[in-house]
Amino acid sequence: MQRLYDFLRRHPTGVDTFWAVLLLGFTSLWVAGEVSGAHQLAAAIFTVGLCLVVALRRKAPVKMLLLTAAIGVGQLIFDIPPNPGNFAMFVITYTVASGTSTARWAARCALAGALVGPALSLVRFGEGPGHRQLWESLFFTVLLTVPFVLAWVLGDSVRTRRAYWAQLEEKATRLEKEREAQARIAVAAERARIARELHDVVAHNVSVMVVQADGAAYVLDAAPEQTRQALETISGTGRQALAEMRRLLGVLRTGEQAESGEYVPQPGVEQLTDLIDQVRGAGLPVDFRVEGEPRPLPSSVELTAYRIVQEALTNTRKHGGPDVAATVRLSYQDDDLELLVEDDGRGAQHELYESGGADGLGHGLIGMRERVGMVGGTLIAGPRPGGGFRVSAVLPLKPGR
């Protein structure tokens with residue numbers, strides 16, 4: 001039975017053809033026994049047409065509906081009474097009403113035929129009004145009309161259910177595409193974040209290592225102790241850079257356990273002291289002050305503040321020139337965190353860096369602005385009066401600001 005069911009589902013047209021042939025046989029026997037004379041040829045033509053309707057109802061439902069209507073009118077004209085072939089009218093009524101791709105006017109025409117056809121048939125082929133009372137005529141009319149209407153209602157309910165399931169499938173497909181698009185956007189955003197983080201880590205730590213390496217080479221013979229300290233600074237800075245890079249690149253690995261001690265938390269304002277000590281160790285004097293009452297901050301604000309100070313001091317060390325000093329101010333306000341990083345070096349070099357200098361390529365200040373914009377803050381960066389460069393940022397502590 002399961003094989004038969006699968007076969008019927010895979011070959012619906014073949015099943016319709018089988019029923020059409022079976023209907024042709026029964027109707028032919030009826031025509032041969034009930035119709036005679038000149039009407040027999042017309043009855044045979046109408047029988048073939050009705051069987052054709054059953055066989056082709058899935059491929060051309062609207063055309064088969066029109067053919068059925070023409071055959072019904074022909075039966076009334078040629079006085080050919082209802083026969084087994086008229087079962088095709090039930091079938092085409094259901095088929096047109098249940099088709100999701102069938103024009104709605106065709107379904108309405110099928111409903112009109114279901115309501116009018118039985119009454120016309122009863123008037124044309126039934127006994128005259130003198131032999132039947134009015135209530136009897138109404139009863140038989142309703143009795144013949146109900147099956148056609150039920151066929152149309154059943155088909156329309158099937159069409160509604162198919163359309164509902166098609167809508168659900170379309171919605172599921174659309175949601176799946178939206179999820180894929182959101183996943184791609186999230187991946188792109190994560191890659192952009194990693195790129196910014198890597199830029200800050202590499203730019204800061206490598207610049208420290210370069211400065212220390214140059215200093216060690218300069219005093220290698222004259223001051224071995226200073227050379228040793230410089231090499232220790234280079235080693236520590238390199239390890240710190242590797243740890244941060246492992247943390248950032250670790251998000252690109254899937255299904256791997258994080259090794260103990262490999263990754264470190266994202267830096268915040270509490271790590272600014274270590275950062276400034278590192279910069280001082282690299283030979284840049286920094287005056288660091290905290291104003292206001294320190295309090296817990298959103299992680300995004302803390303990371304942004306750390307990266308701004310890191311990038312600004314890196315720019316000072318790279319572009320400020322000799323004998324430059326820097327000042328860092330961290331001020332806790334009621335609704336904002338204010339940052340001020342300024343130096344007394346050569347501000348013109350910073351302008352080149354901002355506009356895309358030889359080694360900066362314009363990414364430093366652009367990255368700062370992106371970070372500040374992500375938390376809804378403001379950034380002002382440029383040369384300060386009297387020489388030097390200033391970076392000022394205001395980071396809101398409330399999401400609504």
Using every non-hydrogen atom in the two residues, find where [X] and [Y] come nearest and quote the distance to one decimal.
{"X": "Pro82", "Y": "Ser121", "answer": "CG-OG, 3.5 Å"}
{"X": "Pro285", "Y": "Val324", "answer": "CD-O, 3.4 Å"}
{"X": "Lys59", "Y": "Pro61", "answer": "C-CD, 3.7 Å"}
{"X": "Thr141", "Y": "Leu122", "answer": "OG1-CD2, 3.0 Å"}
{"X": "Leu67", "Y": "Gly49", "answer": "CD2-O, 3.9 Å"}
{"X": "Ala305", "Y": "Val269", "answer": "CB-CG1, 4.1 Å"}

As an exercise, state the distance from [atom1] of [X] to [atom2] of [Y], rounded to the nearest 0.5 Å.
{"X": "Thr47", "Y": "Gln40", "atom1": "OG1", "atom2": "CD", "value": "10.0 Å"}
{"X": "Ile308", "Y": "Leu395", "atom1": "CD1", "atom2": "CG", "value": "5.0 Å"}
{"X": "Ile380", "Y": "Arg369", "atom1": "CD1", "atom2": "CZ", "value": "10.0 Å"}
{"X": "Leu339", "Y": "Ser392", "atom1": "CG", "atom2": "OG", "value": "8.0 Å"}
{"X": "Leu23", "Y": "Asn83", "atom1": "CG", "atom2": "CG", "value": "8.5 Å"}
{"X": "Lys63", "Y": "Leu65", "atom1": "NZ", "atom2": "CG", "value": "13.0 Å"}

[atom1]/[X]: more than 12 non-hydrogen atoms of other groups inside 6.0 Å:
{"X": "Trp30", "atom1": "CH2", "answer": "yes"}
{"X": "Phe90", "atom1": "CZ", "answer": "yes"}
{"X": "Leu115", "atom1": "CG", "answer": "yes"}
{"X": "Glu180", "atom1": "CD", "answer": "yes"}
{"X": "Phe87", "atom1": "CZ", "answer": "no"}
{"X": "Arg58", "atom1": "CZ", "answer": "yes"}

In the structure I gave you, are the side-chain heavy atoms of [X] and [Y] within less than 4.5 Å of one another anywhere?
{"X": "Val279", "Y": "Asp277", "answer": "no"}
{"X": "Phe288", "Y": "Val309", "answer": "no"}
{"X": "Asp343", "Y": "Thr327", "answer": "no"}
{"X": "Tyr164", "Y": "Thr160", "answer": "no"}
{"X": "Leu154", "Y": "Ser157", "answer": "yes"}
{"X": "Val62", "Y": "Val96", "answer": "no"}
{"X": "Leu297", "Y": "Tyr332", "answer": "yes"}
{"X": "Tyr306", "Y": "Glu302", "answer": "no"}

Salt bridge Asp156-Arg104, side-chain N to carboxylate O under 4.0 Å
yes

Residues Glu176 and Arg179 bridged, charged N to O under 4.0 Å
yes

Would you please test Val286 and Leu284 for side chain to side chain contact (heavy atoms under 4.5 Å, CB included) and show each step?
CA-CA 6 Å; Val286 179; Leu284 175 64; 4.1 Å; yes

Does [X] reach the main-chain N or O of [Y] with its side chain, forming a donor-acceptor pair under 3.5 Å?
{"X": "Ser98", "Y": "Gly155", "answer": "no"}
{"X": "Gln271", "Y": "Gly268", "answer": "yes"}
{"X": "Asp336", "Y": "Val394", "answer": "no"}
{"X": "Arg57", "Y": "Thr95", "answer": "no"}
{"X": "Trp152", "Y": "Gly113", "answer": "no"}

As a quick check of understanding, evaluate side chain to side chain contact (heavy atoms under 4.5 Å, CB included) for Leu330 and Leu337, giving each step before the final call.
CA-CA 7 Å; Leu330 184 67; Leu337 178 68; 3.7 Å; yes

Just to verify, which of Leu22, Leu24, Val21 counts as forming a side-chain contact (heavy atoms from CB on, under 4.5 Å) with Cys51?
Leu24

What residues, two or more places apart in sequence or in another chain, satisfy side-chain contact (heavy atoms from CB on, under 4.5 Å) together with Ser331?
Glu291, Gln333, Glu338

List the steps, then state whether side chain to side chain contact (heavy atoms under 4.5 Å, CB included) holds for Val301 with Leu397.
CA-CA 7 Å; Val301 173; Leu397 304 182; 4.0 Å; yes

Residue pair Val328, Arg289: steps toward the side chain to side chain contact (heavy atoms under 4.5 Å, CB included) verdict
CA-CA 6 Å; Val328 177; Arg289 296 182 184 179; over 6 Å; no

With salt bridge (charged side-chain N to carboxylate O under 4.0 Å, His left out) as the test, would you mind laying out the steps for Arg384 and Asp344 before giving the verdict?
CA-CA 9 Å; Arg384 69 172 191 169; Asp344 55 3; 5.3 Å; no

